[in-house]
There are 2 protein chains.
Amino acid sequence: MKQAKKAIEGNPPSEEGSGKTPAALPHARSSPRATGSATVADVASIAGVSAMTVSRVLNNPERVSPRTLAVVKGAIERTGYVPNLLAGGLASRRSRLVAVVVPTIANSMFAQVTQALTDELGKSGYQVMLGLSGYDVSREQELLDAILSRRPDGIVLTGTVHTDTTRTRLLKSGIPLVETWDMSPSPMDMLVGFSHEQVGEAVAEYLLGKGYRRFGLVFANDQRGDVRRSGLLAALARHGISDVPLESVPVPTTMGLGKRHFAKLLERAPGLDVVVCSSDPLAQGVVVEAQERGIAVPDQLAVMGFGDYDFAAELSPTLSSVSIDGKAIGIRAARFLVARIEKTESAGSETVVDVGFSIIERRSTSKSKSKSTT
Amino acid sequence: MKQAKKAIEGNPPSEEGSGKTPAALPHARSSPRATGSATVADVASIAGVSAMTVSRVLNNPERVSPRTLAVVKGAIERTGYVPNLLAGGLASRRSRLVAVVVPTIANSMFAQVTQALTDELGKSGYQVMLGLSGYDVSREQELLDAILSRRPDGIVLTGTVHTDTTRTRLLKSGIPLVETWDMSPSPMDMLVGFSHEQVGEAVAEYLLGKGYRRFGLVFANDQRGDVRRSGLLAALARHGISDVPLESVPVPTTMGLGKRHFAKLLERAPGLDVVVCSSDPLAQGVVVEAQERGIAVPDQLAVMGFGDYDFAAELSPTLSSVSIDGKAIGIRAARFLVARIEKTESAGSETVVDVGFSIIERRSTSKSKSKSTT
DNA sequence: CTGAAAGCGCTTACAG
DNA sequence: CTGAAAGCGCTTACAG
């Protein structure tokens with residue numbers, strides 16, 4: 001192998017005991033702006049090739065002869081070269097960064113989507129830049145500058161409600177975009193979600209079918225919870241049920257909020273036979289509060305959650321809920337994005353997916369048969 | 001205000017109805033590599049100043065005259081200019097990116113730390129690049145390349161156990177580093193955590209003090225859980241208690257795992273009077289499983305959790321646990337990093353912090369008094 | 001299959 | 001307080 005062409009300076013082997021110390025860099029510390037770490041030029045000079053060839057080895061190894069490939073890989077190894085993706089991204093206009101905006105990760109549902117996104121994007125070499133918007137639409141806009149200034153190759157947003165400025169700027173940026181967790185009649189670009197309105201309706205139909213009539217709600221006052229609630233109330237109204245009492249709770253929802261707001265609900269509306277909650281933690285709180293008050297679940301009161309958290313199947317009684325496949329949302333969003341980014345031609349036409357949901361019936365909505373049917 | 005000096009081409013006002021359309025860019029689309037979005041040069045030419053002055057307006061506004069400041073800000077507004085931080089980072093060697101590596105965010109404790117880190121770093125203009133390592137030390141190494149290639153200004157790691165290669169490369173990179181969630185006798189750089197061994201010891205002392213003697217453990221088989229368990233067993237051994245039965249569960253821990261592994265523990269060791277768990281979800285599972293079997297908690301069996309999750313105070317009976325201030329860990333780690341990054345002089349000398357922990361006594365470890373002490 | 005030149009969009013380091 | 005020049009470390013777009 002050819003030797004370095006540039007003068008070898010500096011870089012004293014500072015850590016003798018650490019085993020295989022990478023070869024001293026041939027980097028001439030001439031420029032006052034040099035950073036000290038190896039560059040393509042260093043690798044190229046050690047390997048006796050041009051910088052372009054090093055770049056090809058990294059990005060299009062199939063276009064390099066096997067012999068050259070081996071030599072360059074050796075040089076990369078020896079120098080401990082780590083590509084600088086800031087430079088690479090600037091030159092190629094591909095940052096390999098995807099911005100993911102979620103309200104919070106302190107919620108197992110968004111955490112699950114984020115985890116799946118991160119894993120799936122990682123497989124294709126994309127890193128996730130995390131943006132936490134809170135539940136406040138205006139913060140999303142604040143985040144936008146920070147995001148756009150990184151020139152991400154793709155953006156994943158939670159929800160479909162955004163300010164006009166956000167929409168305009170996003171559209172103008174031309175960056176591939178996936179809205180998640182919600183359906184929308186007018187997606188900005190791609191969309192992976194489910195209909196919260198349909199969830200509300202389906203829950204209503206399900207519980208009506210079970211014979212429940214005196215409904216009470218404990219719902220978070222967030223956008224999507226509101227939509228589910230509307231769907232639920234609309235369906236109930238169609239069956240002549242109106243004036244459904246509602247306890248509105250702040251996000252993020254917790255078991256404690258469920259307990260306390262159910263207590264308040266009970267004061268206002270004593271004779272309920274079913275309480276529908278906008279999340280499983282709320283529902284868990286309702287169940288415990290009921291039990292502590294001597295109200296038997298489900299015999300005297302049915303309780304319905306949302307999200308099908310992992311504890312729902314384990315509680316006593318087990319909790320009926322609505323299952324959303326967050327992992328599927330994350331994976332599909334990631335794949336949409338990667339397909340769009342990497343295909344020069346117009347990518348697949350299907351860019352809107354409804355992942356649906358399913359109602360999981362468990363004990364908390366299954367009255368034990370009082371009328372024997374033998 | 002001076003007019004643009006460059007010829008105005010292209011950029012047809014494509015969205016008439018969108019309200020205030022930004023001024024057409026004076027960007028001459030000469031280069032085949034142009035991206036289409038405004039650059040400092042565009043802003044400079046509109047404002048009639050040099051690119052340097054635009055850069056100063058963005059980064060050191062106090063060094064620019066008020067008049068110039070206003071003119072440039074107007075030009076930024078009109079062009080809808082968004083700085084390109086890839087270019088900025090390359091030139092300044094400050095990416096304003098911090099890599100945060102956690103095993104998973106599907107765990108409310110790490111999610112809390114990550115949330116606090118993201119919020120606190122955001123205040124100083126840093127973005128978080130999320131790395132999920134799983135619970136596998138080897139994946140951490142895989143992530144390392146992805147991270148280093150972004151040239152982050154700082155790195156936050158979870159835990160203090162890393163492979164030798166990881167340590168060497170991290171040290172060599174010279175990037176400010178905070179290890180979190182754990183104490184270490186030999187931190188690589190900065191450290192914000194608490195002693196898992198001390199937690200184990202304190203839990204043992206606390207429960208021994210309450211009179212419990214027949215211990216059983218339901219513990220996750222992860223690094224830090226192992227350390228807590230060792231501390232616990234060592235303290236018990238000092239009091240002559242040995243052969244403590246253990247059920248080892250995989251991560252991530254869930255309520256369901258708690259139920260099933262407690263069932264297994266019961267088979268092997270029927271006469272326990274206290275079960276110590278490595279997380280609150282496990283403990284919750286133990287409590288429910290016990291109750292379903294007619295074992296009264298805490299009268300026949302005490303249960304201790306870890307993490308003081310928000311539901312611990314709400315369960316029935318309320319769950320005793322060990323509280324860790326994850327938010328404090330996140331905030332302090334963020335501040336350490338920012339101080340180090342932004343201070344040219346050697347930053348504060350205190351770079352290792354033990355945030356401690358506290359034992360939260362609740363009903364699940366409080367036997368109702370059988371021997372009246374009146 | 002390989003390389004020389006130019007450029008991505010900023011900021012540093014001077015100089016005035 | 002402001003600007004001209006050079007450079008950060010890559011990749012594009014050619015050319016051979």
Side-chain angles (χ1 to χ4, degrees), chain A residues 5 25 27-45 47-72 76 79 81-96 148-151 344, chain B residues 5 25 27-45 47-72 76 79 81-96 148-151 344:
Chain A
K5 292 172 184 166
L25 295 184
H27 203 120
R29 294 290 162 65
S30 48
S31 163
R33 297 176 67 177
T35 56
S37 52
T39 68
V40 274
D42 297 320
V43 176
S45 98
V49 298
S50 72
M52 257 323 296
T53 299
V54 176
S55 175
R56 280 197 193 90
V57 167
L58 263 12
N59 303 310
N60 303 93
E62 73 284 358
R63 293 199 202 165
V64 177
S65 76
R67 218 190 95 78
T68 307
L69 197 64
V71 174
V72 173
I76 289 173
T79 51
Y81 171 67
V82 179
N84 181 331
L85 259 46
L86 295 174
L90 176 60
S92 67
R93 263 139 302 149
R94 298 204 39 206
S95 63
R96 296 206 151 270
L148 293 179
S149 64
R150 302 283 174 192
R151 303 295 191 265
T344 30
Chain B
K5 291 170 185 167
L25 294 184
H27 202 120
R29 291 292 158 64
S30 47
S31 163
R33 298 176 68 178
T35 54
S37 53
T39 68
V40 274
D42 297 321
V43 175
S45 99
V49 298
S50 73
M52 258 322 298
T53 298
V54 175
S55 175
R56 280 196 193 93
V57 167
L58 261 14
N59 303 310
N60 303 93
E62 71 284 359
R63 293 199 202 164
V64 178
S65 75
R67 218 189 96 77
T68 308
L69 197 64
V71 174
V72 172
I76 288 173
T79 52
Y81 171 67
V82 179
N84 182 329
L85 259 44
L86 295 174
L90 176 60
S92 67
R93 265 139 303 149
R94 298 203 40 204
S95 63
R96 295 206 152 269
L148 292 179
S149 65
R150 300 284 173 189
R151 302 294 192 267
T344 30

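Of all heavy-atom pairs between V54(B) and V49(B), the closest is CG2-CG2, 4.0 Å.
In the set dC1(C), dC10(C), dC8(C), the nucleotide with an atom closest to the side chain of L90(A) is dC8(C). Residue A87(B) has its side chain nearest to dC10(C) when only dT12(C), dC10(D), dC10(C) are considered. Of the candidate nucleotides dG9(D), dT11(C), dT11(D), dT11(C) has the atom lying nearest to any side-chain atom of N59(B). In this structure, the nucleotide among dT12(D), dC10(C), dG3(D) sitting nearest to the side chain of S50(B) is dG3(D). For A91(A), the listed nucleotide lying nearest its side chain is dC8(C); candidates were dC1(D), dC8(C), dA13(D). Between dG9(C), dT2(D), dT11(D), one nucleotide has an atom nearer to the side chain of S55(A) than all others, and that is dT11(D). In this structure, the nucleotide among dA4(D), dT2(D), dT2(C) sitting nearest to the side chain of M52(B) is dA4(D). Here the side chain of R93(B) is nearest to one of dC10(C), dG3(D), dT12(C), namely dT12(C). The side chain of S92(B) has dT11(C) as its nearest neighbour among dT11(C), dT2(D), dC10(C).
Look at CG on N60(A): it is 16 Å from P on dC10(D), rounded to the nearest Å. Atoms CG (N84(A)) and P (dC8(C)) sit 18 Å apart, rounded to a whole Å. For the pair R63(A) CZ and dC14(D) P, the interatomic distance rounds to 14 Å; values are reported in whole Å. The nearest whole Å value for the distance from the CG atom in L86(A) to the P atom in dG7(C) is 22 Å. Per the geometry, CG belonging to D42(B) stands 9 Å off P belonging to dG9(C), to the nearest Å. Distance I76(B) CD1 to dC10(C) P: 10 Å, rounded to the nearest Å. Going from atom CZ of R94(A) over to atom P of dG9(D) covers 22 Å, rounded to whole Å.
Of all nucleotides present, none satisfies the Watson-Crick or G-U wobble test against dA4(D) with each distance under 3.5 Å. Nucleotide dA13(D) has no partner under the Watson-Crick or G-U criteria, as no pair reaches both atom distances under 3.5 Å.
In terms of modelled atom types and a separation under 3.5 Å, the side chain of D42(A) and the main chain of T39(A) share a donor-acceptor contact. Side chain of S55(A) to main chain of A51(A): no donor-acceptor pair is present (N/O by atom type, distance under 3.5 Å, no hydrogens or angles). Listed for the N60(B) side chain is no donor-acceptor partner under 3.5 Å among the backbone atoms of R63(B).
Where G88(A) and E62(B) meet DNA chain D, the nucleotide closest to each residue was compared, and E62(B) sits on the side nearer the 5' end. Between L69(B) and V40(A), it is L69(B) whose nearest contact on DNA chain D lies nearer the 5' terminus.
Between S65(A) and dC1(C) there is no side-chain N or O to OP1 or OP2 distance below 4.0 Å.
Contact of R56(A) with dG3(C) (side chain to base): a donor-acceptor pair of N or O atoms is detected under 3.5 Å.
L86(B) CG to S95(A) OG: the interatomic distance, rounded to the nearest 0.5 Å, is 6.0 Å.
Using a 4.5 Å heavy-atom cutoff, the side chains of L58(A) and Y81(A) are in contact.
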